Amino acid sequence: MDLSAYRGYFLDAVVVQVDSVASTARISLTSGDDDTAVIELNGVVHMRMDSPDVRGDFIDEAVVGDLPRVGAWPADAHHLLHLHNNDSELVWLRLIGPREIEVVARRITTEH
């Protein structure tokens with residue numbers, strides 16, 4: 001999935017829901033033109049934010065990578081190997097800006 005179109009967008013909100021069945025992360029973005037986008041991740045197994053207050057931060061780079069069920073993971077994802085469960089393929093989202101957001105989940109979708 002290519003998220004390069006979101007470069008230069010601003011973070012509007014990050015909402016994480018966790019319960020005993022599933023977990024989701026919903027990241028709302030906005031541009032200076034009142035254009036909005038939402039990145040939704042389902043089956044979240046890992047999330048890291050440099051700060052809980054990211055509203056207004058801009059996105060320098062939005063990168064999505066696949067973490068395969070079988071086979072080697074990218075070298076820069078080795079810090080995530082403890083999440084490997086041999087059960088499913090995972091996606092790895094990194095939103096890079098003044099502060100970074102990293103999410104590993106089972107599925108990612110976007111609304112624009």
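Counting from 1, the numbers follow the sequence of the chain as shown. Values reported hereafter were calculated over all heavy atoms of this structure, with side chains retained and with hydrogens, waters and symmetry mates removed. Not measured: the values here are computed from a predicted model.
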A.B. asks: Starting from the C-alpha separation in whole Å, work towards a yes-or-no answer on side chain to side chain contact (heavy atoms under 4.5 Å, CB included) for Met47 and Val14.
C.D. replies: CA-CA 11 Å; Met47 182 162 189; Val14 177; 3.5 Å; yes
A.B. asks: Same cluster or not: are Ile27 and Val15 linked, directly or through other Ile, Leu, Val, Met, Phe, Trp or Tyr residues, by side-chain heavy atoms under 4.5 angstrom apart?
C.D. replies: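 In one cluster with Ile27: Val15, no.
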A.B. asks: Under the salt bridge (Lys or Arg N to Asp or Glu O under 4.0 Å) criterion, do Glu102 and Arg94 qualify, and how do the steps go?
C.D. replies: CA-CA 5 Å; Glu102 175 180 67; Arg94 290 179 294 153; 5.4 Å; no
A.B. asks: Is a donor on one side and an acceptor on the other found under 3.5 Å between the side chain of Asp33 and the backbone of Asp35?
C.D. replies: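 Pair absent, no side-chain N/O of Asp33 close to backbone of Asp35.
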A.B. asks: In Å and rounded to the nearest 0.5 Å, what is the CG to CZ distance from Leu29 to Arg7?
C.D. replies: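 So the gap between those two atoms works out to 14.5 Å.
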A.B. asks: Looking only at heavy atoms, which two atoms of Asn42 and Ala105 are closest? And how far apart?
C.D. replies: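 Nearest heavy atoms, Asn42 then Ala105: O-CB, 3.4 Å.
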A.B. asks: Does any non-hydrogen side-chain atom of Trp73 lie less than 4.5 Å from one of Pro68?
C.D. replies: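 They are in contact (side-chain heavy atoms under 4.5 Å apart), so the answer is yes.
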A.B. asks: Going by heavy atoms in the side chains, are Met49 and Val16 under 4.5 Å from each other?
C.D. replies: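 Met49 does not reach Val16 side chain to side chain.
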A.B. asks: Between Leu95 and Asp57, does the side chain to side chain contact (heavy atoms under 4.5 Å, CB included) criterion hold? Intermediate values first, please.
C.D. replies: CA-CA 10 Å; Leu95 298 177; Asp57 278 359; over 6 Å; no
A.B. asks: For residues Ile101 and Val103, report the shortest heavy-atom separation together with the two atoms involved.
C.D. replies: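 Taking every non-hydrogen atom into account, CG2-CG2, 4.0 Å.
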A.B. asks: Measure across Trp92 and Ala77 and return the closest heavy-atom pair with its distance rounded to 0.1 Å.
C.D. replies: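 Looks like CZ3-CB, 3.5 Å.
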A.B. asks: Is Val91 reachable from Ile96 through a run of I, L, V, M, F, W or Y residues, each pair having side-chain heavy atoms under 4.5 Å apart?
C.D. replies: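 No, no single cluster joins them.
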A.B. asks: About how many Å separate NE2 of His79 and NE2 of His46, when rounded to the nearest 0.5 Å?
C.D. replies: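 Output value for this atom pair is 5.5 Å.
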A.B. asks: Any heavy-atom pair between the side chains of Ser23 and Leu41 that's under 4.5 Å?
C.D. replies: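 A side-chain contact under 4.5 Å is absent here.
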A.B. asks: If you count every heavy atom of other residues, nucleotides or ligands that lies below 6.0 Å from Arg48 atom CZ, does the total exceed 12?
C.D. replies: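 Check passes, neighbour count above 12.
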A.B. asks: Mark yes or no for whether Thr30, through its side chain, and Asp12, through its backbone, hold a donor-acceptor pair below 3.5 Å.
C.D. replies: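 No; judged by distance alone, with no hydrogens or angles, the pair does not exist.
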A.B. asks: Rounded to the nearest 0.5 Å, how far does CE of Met1 lie from CD1 of Ile108?
C.D. replies: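 Nearest 0.5 Å value for the CD1-CE distance: 5.5 Å.
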A.B. asks: Please examine the side chains of Ile59 and Leu3, heavy atoms only from C-beta on, and report whether any two atoms are closer than 4.5 Å.
C.D. replies: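 A side-chain contact is absent here, since even the closest heavy-atom pair is not under 4.5 Å.
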A.B. asks: Using a 3.5 Å distance criterion without hydrogens, assess whether the side chain of Arg106 forms a donor-acceptor pair with backbone atoms of Leu90.
C.D. replies: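 Looks like no, no N/O pair under 3.5 Å.
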A.B. asks: Is it true that Glu89 and Arg69 make a salt bridge, defined as a side-chain N closer than 4.0 Å to a carboxylate O?
C.D. replies: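 No.
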A.B. asks: Tell me whether Val63 shares a hydrophobic cluster with Val45, the cluster being built from Ile, Leu, Val, Met, Phe, Trp, Tyr side chains joined at under 4.5 Å.
C.D. replies: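 In one cluster: no.
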A.B. asks: Nearest 0.5 Å, please: how far is OH in Tyr9 from CD1 in Ile39?
C.D. replies: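 So the gap between those two atoms works out to 10.0 Å.
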A.B. asks: Can you name the closest pair of heavy atoms from Tyr6 and Ala37 and give their distance?
C.D. replies: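 Where Tyr6 meets Ala37 most closely, the heavy atoms are CE2-CB, 3.4 Å.
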